[in-house]
Amino acid sequence: MSTPTRPLSTWAKNIAPSPTLAVDAKAKALLAAGEDVCGFAAGEPDFDTPEHIKEACIAALKSGKTKYAPTPGIQPLREAIAADYAARAGLNVTPAQVVVSPGGKFSCYLAIMAVCSPGDEVIVPAPYWVSYPEMVKLAGAAPKVVLADDSTGFRVTAAQVEAAVTPKTKLLILNSPSNPTGAVYTRAELESIMAVALKHNLYVMSDEIYEHLIYDGAKHVSPATFSKETEARTITVSGFSKPYAMTGWRLGTLVAPGPIAKAAAEIQSQTSSNATTFAQYGALAALTEKEKTKASVEAMMTAFDRRRKYLHAELNKIPGVSCLLAQGAFYLFPNISKFGLTSEDFCNKLLDQQKVAAVFGSAFGAEGYLRLSYATSDEIIKKGVQRLAAFCASLKH
Ligand SMILES: *Cc1c(COP(=O)(O)O)cnc(C)c1O
């Protein structure tokens with residue numbers, strides 16, 4: 001094939017492909033080649049989508065729900081999302097404030113594109129989800145990273161956010177529970193961070209895709225719910241992938257004040273048009289057949305919680321490794337800085353030598369850590385952590 005004669009776009013040259021998807025793809029390729037790989041890289045539940053959700057989708061498909069849907073989503077689903085939000089968070093959300101998109105990831109992109117212009121700055125707390133800085137750059141804006149390490153539970157403070165604000169700051173990104181650390185912010189912490197957003201008139205994108213995946217009795221809080229003022233500046237992003245094991249369905253949500261939701265829908269109308277029509281009927285069943293959904297979420301959470309505790313205990317037994325017990329999502333983020341390797345080197349060697357796939361902390365803006373997903377079987381976790389221990393023992397620290 002011939003090489004293009006003109007340079008590609010600035011966006012194409014500047015974007016870094018998702019390292020989490022890349023590591024996971026490498027692990028899956030090794031598995032397919034017959035290697036015995038323990039994969040901790042995937043950011044998705046190892047459970048299948050609950051049966052009642054699949055059935056509702058199949059019924060929709062069979063009854064001809066195969067045409068374009070309204071851009072912001074089918075009306076009953078937007079109503080169900082608004083009602084669910086109102087019931088859980090006490091927010092008076094109307095369906096007009098809801099956009100259903102092809103994935104939580106695309107919802108984040110719509111939110112960023114709706115409020116950011118070239119030249120704007122966006123505060124991104126690190127360790128961050130890999131896509132945030134890249135999406136900010138795709139909007140022509142500049143990410144301003146604020147790092148919180150394990151000494152503060154990977155949670156940035158209001159003072160750190162305040163120190164990062166400049167006259168150009170337009171948006172603050174929040175993600176609690178967090179990917180990659182599993183950190184859950186307290187209400188008091190979020191309230192003081194939101195006070196900074198109010199003081200400097202910032203928009204806030206709150207990515208709450210892990211809102212249902214919380215342990216130890218911790219409480220999820222939505223910053224939009226604090227006051228009329230926080231509601232007026234907050235874009236809440238979530239989706240079906242993580243709580244209902246629906247990653248392949250590509251269904252995300254965005255809830256925002258009317259004009260922002262309208263702008264997001266208009267961007268969607270010129271990009272993806274709408275989320276897959278029959279998939280939206282499956283999502284509707286997830287929200288309306290509440291008892292069945294609750295039972296499957298609980299079964300998944302029981303397994304996640306067991307694995308979380310086991311993995312955490314085993315990691316802390318490894319000399320040189322220390323790991324916080326995260327209260328949300330399905331990740332642990334152990335500190336491996338004592339081994340004197342970059343996290344990327346550490347992960348490459350770990351995969352080569354012990355066939356254990358993990359994502360390096362630097363991918364998330366935090367050198368010296370690994371991200372391990374425990375959304376995989378108990379058996380793989382047990383075998384994988386033994387191999388990790390053997391690998392660590394082979395290194396000097
Ligand atoms: C998985 C994830 C998403 C969105 O996932 P989709 O599959 O696109 O719905 C958004 N934010 C974070 C932090 C995630 O981990």
Side-chain angles (χ1 to χ4, degrees), residues 18-24 40-49 53 73 77 81 98-113 122 124-136 138 143 154-156 171-185 204-214 220 222-223 235-255 264 268 271-272 274-276 279-280 282-283 286-287 300 304 326-333 359 363-366 371-376:
S18 166
T20 50
L21 295 181
V23 174
D24 190 46
F40 289 94
E44 63 182 343
D46 57 317
F47 292 85
D48 195 3
T49 305
I53 299 176
L77 181 56
I81 292 165
V98 176
V99 177
V100 180
S101 82
K105 188 178 271 187
F106 200 69
S107 296
C108 292
Y109 183 66
L110 291 175
I112 290 168
M113 291 301 280
V122 177
V124 182
Y128 48 68
W129 186 45
V130 293
S131 297
Y132 301 143
E134 300 308 315
M135 288 176 177
V136 168
L138 282 174
F154 302 114
R155 303 191 304 278
V156 296
L171 173 70
L172 163 67
I173 295 182
L174 295 175
N175 173 220
S176 174
S178 150
N179 175 4
T181 65
V184 178
Y185 283 75
V204 175
M205 180 182 93
S206 179
D207 180 350
E208 304 180 15
I209 189 108
Y210 294 100
E211 61 190 304
H212 298 283
L213 282 67
I214 285 220
H220 171 71
S222 295
I235 308 164
T236 305
V237 166
S238 191
F240 295 86
S241 289
K242 309 297 162 56
Y244 313 126
M246 294 171 69
T247 46
W249 291 60
R250 311 311 304 128
L251 283 173
T253 62
L254 179 149
V255 174
Q268 172 147 292
T271 49
S272 74
N274 60 261
T276 303
Q280 295 187 51
L287 296 183
M300 187 170 80
F304 283 165
Q327 291 185 307
F330 41 63
Y331 309 101
L332 291 178
F333 206 65
V359 187
F364 311 96
R371 189 193 73 172
L372 300 177
S373 160
Y374 50 84
T376 184

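Atoms within each ligand, like the ligands themselves, are counted from 1 in listed order.
- Near R250, with a cut-off below 4.0 Å to any heavy atom, the atoms of ligand 1 are 6 (P), 7 (O), 8 (O).
- Within the 4.0 Å heavy-atom cutoff, Y210 counts among the residues contacting ligand 1.
- Residues L77 and T253 have side chains not in contact (no heavy-atom distance under 4.5 Å, counting atoms from C-beta outward).
- Residues W249 and I53 meet the side-chain proximity criterion, which asks for heavy atoms closer than 4.5 Å.
- Note that OG of S238 and CG of D207 are 7.5 Å apart. Values are rounded to the nearest 0.5 Å.
- Each of the following atoms of ligand 1 lies closer than 4.0 Å to a heavy atom of G103: 8 (O), 9 (O).
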Quiz prompt | Trace of the ring pair (Phe, Tyr, Trp, His ring centres under 6.0 Å) decision for Y210 with Y331 | solution = CA-CA 11 Å; Y210 294 100; Y331 309 101; 5.8 Å; yes

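- Contact atoms of ligand 1 toward N179: 13 (C), 14 (C), 15 (O) (distance under 4.0 Å to a heavy atom of the residue).
- Every N/O-N/O distance between Y132 and ligand 1 stays at or above 3.5 Å.
- Here the shortest heavy-atom distance to atom 14 (C) of ligand 1, taken over E44, E208, K242, K105, belongs to K242.
- Taking both residues in full, the closest heavy atoms of R155 and Y185 are given as CA-OH, 3.5 Å, listed atom of the first, atom of the second, then distance.
- Contact annotation: for F330 versus ligand 1, there are no heavy atoms closer than 4.0 Å.
- When the heavy atoms of D207, I173, N175 are ranked by distance to atom 11 (N) of ligand 1, first place goes to D207.
- From F330, atom CZ reaches atom NZ of K242 across 5.5 Å, with rounding to the nearest 0.5 Å.
- Considering only non-hydrogen protein atoms, atom 9 (O) of ligand 1 sits nearest to G104 N, 2.6 Å.
- Between N175 atom CG and S206 atom OG the span is 8.0 Å, to the nearest 0.5 Å.
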